[in-house]
> 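Below you'll find the structure I mean.
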Amino acid sequence: MFKKILLGFVDQPVFTSLFVADFALLVFHRPPFLFSIVMIGALVGMSMYMGQKLAIFEK
């Protein structure tokens, strides 16, 4: 399962860098409230996209 996730992120380097940068900004820099709401929405959207793309729990 972890290998599948890792390979999914390696196959899409631009998406991975956006995901990591968004997460790091939200955790370490505490942006203004409205901007953080937009960033959380983007993070949730990217997470749902990767969940569909990887389909970890399908056999």
Side-chain angles (χ1 to χ4, degrees):
M1 179 169 87
F2 294 114
K3 186 175 181 179
K4 190 173 186 179
I5 294 171
L6 186 62
L7 289 176
F9 280 126
V10 169
D11 288 342
Q12 299 177 359
V14 174
F15 181 82
T16 302
S17 64
L18 284 172
F19 185 82
V20 170
D22 190 10
F23 184 75
L25 280 171
L26 281 171
V27 170
F28 297 116
H29 291 290
R30 294 191 188 196
F33 180 73
L34 291 176
F35 187 60
S36 66
I37 295 294
V38 171
M39 290 178 69
I40 288 172
L43 194 63
V44 167
M46 287 188 280
S47 298
M48 289 190 306
Y49 172 77
M50 280 306 280
Q52 285 290 94
K53 191 79 169 170
L54 294 176
I56 297 170
F57 298 110
E58 284 186 6
K59 290 187 180 190

> Indicate yes or no: at least one non-hydrogen side-chain atom of F19 is less than 4.5 angstrom from one of M50.
no

> When you group the ILVMFWY residues by side-chain heavy-atom contacts below 4.5 Å and let the links chain together, are L18 and V44 in the same group?
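Yes, same cluster.
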
> Treat each ILVMFWY residue as a node, draw an edge where side-chain heavy atoms are under 4.5 Å apart, and state whether F15 and I5 are in one component.
yes

> Report whether V20 and F35 are members of the same hydrophobic cluster (ILVMFWY, side-chain heavy atoms less than 4.5 Å apart, transitive linking).
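As far as the 4.5 Å side-chain criterion goes, F35 and V20 are not connected within one cluster.
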
> Does K4 reach the main-chain N or O of L54 with its side chain, forming a donor-acceptor pair under 3.5 Å?
yes

> Do D22 and L26 touch side chain to side chain, with heavy atoms closer than 4.5 Å?
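Heavy-atom side-chain distance check passes, below 4.5 Å.
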
> Out of curiosity, M39 CE to L34 CG, how far, rounded to the nearest 0.5 Å?
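Reported to 0.5 Å precision, the distance equals 13.0 Å.
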
> Side-chain heavy atoms under 4.5 angstrom apart, residues restricted to Ile, Leu, Val, Met, Phe, Trp, Tyr: same cluster for V27 and I40?
yes

> Passes side chain to side chain contact (heavy atoms under 4.5 Å, CB included), Q12 versus Y49? Steps please.
CA-CA 12 Å; Q12 299 177 359; Y49 172 77; 3.9 Å; yes

> Report yes or no: do M46 and F23 belong to one cluster of Ile/Leu/Val/Met/Phe/Trp/Tyr joined by side chain heavy-atom distances under 4.5 Å?
yes

